[in-house]
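Each remark here refers to the structure printed beneath this line.
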There are 2 protein chains.
Amino acid sequence: MSLNIQKEVDSPSSLAGIPSGIERLPPLTPVEQEVIHIFVQTAQVLGLPKSVGEIYGLLFCAMEPLNFDEIMRRLKISKGSTSQGLRFLRNIQAVKTIYVAGDRRDHFVAELQLRNLSAGFLRERILPHLENGQERLANLHELLPQNPSENCKILEERVGYLSTWNKKARGLLPWVLKFIDS
Amino acid sequence: MSLNIQKEVDSPSSLAGIPSGIERLPPLTPVEQEVIHIFVQTAQVLGLPKSVGEIYGLLFCAMEPLNFDEIMRRLKISKGSTSQGLRFLRNIQAVKTIYVAGDRRDHFVAELQLRNLSAGFLRERILPHLENGQERLANLHELLPQNPSENCKILEERVGYLSTWNKKARGLLPWVLKFIDS
DNA sequence: CATATAGTTCAATTTTTCTTGAACTTTGGC
DNA sequence: GCCAAAGTTCAAGAAAAATTGAACTATATG
């Protein structure tokens with residue numbers, strides 16, 4: 001019974017009346033492949049693993065929530081990559097889980113609001129780097145007086161630039177989000 | 001004669017009166033190490049090789065233009081990395097070459113204006129990706145009609161989102177630079 | 001409570017990317 | 001024009017990152 005519900009909800013191949021066994025999943029359509037490819041490229045620009053781009057791309061195209069196994073098998077990636085990729089995507093809130101009645105498994109959908117996607121990415125990947133940099137800059141200021149007096153002034157000025165850059169970058173983040181909202 | 005000029009201009013160790021031979025370069029100071037470390041980390045966030053961060057960091061700290069050999073030897077990196085790193089940094093205009101009278105070698109200084117740094121990076125690394133994405137999206141629109149008619153409408157809408165995102169991102173770039181100027 | 005299913009973890013492996021250095025090209029100076 | 005110094009290129013090796021899959025944990029269900 002729960003198996004029936006699952007198949008009706010999740011699996012287009014249920015139309016073909018394939019019974020329990022190892023269910024056949026449709027291969028990626030050309031459009032899906034192309035969308036996934038775009039996200040894989042984007043992932044690489046953002047310094048994220050290919051598998052993260054693949055998973056997000058697949059969910060982006062999906063008409064209904066997909067479960068773990070469907071993601072893994074349609075993309076032909078391993079359990080490990082699927083698990084870690086989904087975890088990352090959930091962390092940055094690029095993907096959320098959906099409750100499906102009568103099915104024990106997690107189901108996933110892509111966040112489709114650019115604003116939320118960006119916010120998650122900035123918060124989880126960029127902000128930590130900037131905050132870490134801020135700490136390092138504070139330490140650096142302690143270190144500066146040890147320098148040969150001649151260079152000291154100019155170096156101090158340059159380290160000052162660095163602090164300004166860091167501050168500017170942190171100030172930029174909320175503006176970026178505001179721009180995206182507009 | 002030209003050797004003398006070179007030493008006066010470039011080499012702190014000329015003060016110690018070391019003759020031609022293999023010139024001794026001062027090791028990195030703690031401050032230099034720390035600044036370089038910050039730039040190496042930043043390079044990694046931006047998906048650039050460590051050596052690029054090292055070279056920029058060294059030049060960022062330098063009181064006078066450095067030549068190829070000084071960069072290579074103070075950072076203890078190879079000729080190849082030095083050459084490729086400097087080329088990249090020149091491409092994005094993070095580093096410029098300076099003419100030093102009586103010295104055949106190129107001399108390098110760091111661009112210290114965050115605005116110019118950012119502009120170069122966005123132009124050389126981000127914009128090409130966005131333009132490539134734009135092309136791919138155009139192709140994708142051709143591909144769409146081939147889809148099962150049921151999904152077609154929704155998928156089309158989603159691909160439409162992608163185009164909007166791409167446009168928004170391209171619109172964001174000049175805006176980021178304006179923010180940095182402020 | 002026992003069992004089977006869902007999902008996580010992580011050490012080993014594969015893949016990708018960066019670095020090295022030797023051979024090559026280019027150029028300035030004599 | 002020739003030589004030596006400056007810098008580039010690129011194939012091979014080293015290092016870093018992603019992926020895999022087997023062992024594990026957790027938990028719904030009967």
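Here the structure is a predicted model, which means the values were calculated and not measured. Below, read A as the first sequence line, B as the second, and so on, with proteins coming before strands; counting in each chain starts at 1. FYI, side chains are in, hydrogens and waters are out, and symmetry mates aren't considered; it's all heavy atoms of this structure.
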Closest to the side chain of Arg105(A), out of dT8(D), dT19(C), dG7(C), is dG7(C)
Rounded to whole Å, the OH-P distance (Tyr99(B) to dA6(D)) equals 15 Å
Atom NZ of Lys79(A) and atom C1' of dA26(D) are separated, to the nearest Å, by 13 Å
To the nearest angstrom, the NZ-C1' distance between Lys76(A) and dT19(D) comes to 17 Å
- Message: Mind checking if Ser51(B) touches a base, just sugar-phosphate, or nothing, with heavy atoms under 4.0 Å?
- Response: sugar-phosphate
Residue pair Gly80(B)/Ser78(A) against DNA chain D: nearer the 5' end by closest nucleotide is Gly80(B)
In whole angstroms, the gap separating P of dG21(C) from CD of Gln84(B) amounts to 14 Å
The residue, Thr82(A) or Arg90(B), whose nearest nucleotide of DNA chain D is more 5′ is Arg90(B)
| query | Regarding Lys168(B) and the six-membered ring of Trp165(B), is the cationic atom NZ or CZ under 6.0 Å from the ring centre and inside 45° of its axis? | reply | no
Ile77(B) atom CD1 is separated from dT20(C) atom P, nearest whole Å, by 7 Å
Separation of dG28(C) atom P from Asp106(B) atom CG, nearest Å, is 10 Å
Of the listed dT19(D), dT8(D), dT9(D), the closest approach to the Arg87(B) side chain comes from dT9(D)
Notebook entry, point to check: Taking OP1 and OP2 of dA6(C), is either one under 4.0 Å from a side-chain nitrogen or oxygen of Arg104(A)?
Noted result: no
**Asked** Considering only heavy atoms from C-beta outward, does the side chain of Gln146(B) approach that of Cys152(B) to under 4.5 Å?
**Response** no
Phe68(B) atom CZ is separated from dT26(C) atom C1', nearest whole Å, by 14 Å
So what does Asp69(B) hit on the nucleic acid, given a heavy-atom distance under 4.0 Å: a base, only sugar-phosphate, or nothing? nothing
Check: When we call it a touch if two heavy atoms are under 4.0 Å apart, what does Leu86(B) touch: a base, just sugar-phosphate, or nothing?
Finding: nothing
Nearest-nucleotide check on DNA chain C, Ser81(A) vs Gln44(A); residue mapping nearer the 5' end is Ser81(A)
Could you check whether any side-chain heavy atom of Met63(A) comes within less than 4.5 Å of a side-chain heavy atom of Ile154(B), counting everything from C-beta outward? yes
Evaluate the side-chain proximity of Phe60(A) to Leu112(A): yes if any heavy-atom separation is below 4.5 Å, no if none is. yes
Only residue of His107(A), Lys79(A), Arg105(A), Arg73(A) satisfying side chain to side chain contact (heavy atoms under 4.5 Å, CB included) with Phe68(A) is Lys79(A)
Rounded to whole Å, NZ of Lys50(B) lies from C1' of dA17(D) at a distance of 15 Å
Picking from dT8(D), dT8(C), dC10(D), the nucleotide nearest the side-chain atoms of Ser83(B) would be dT8(D)
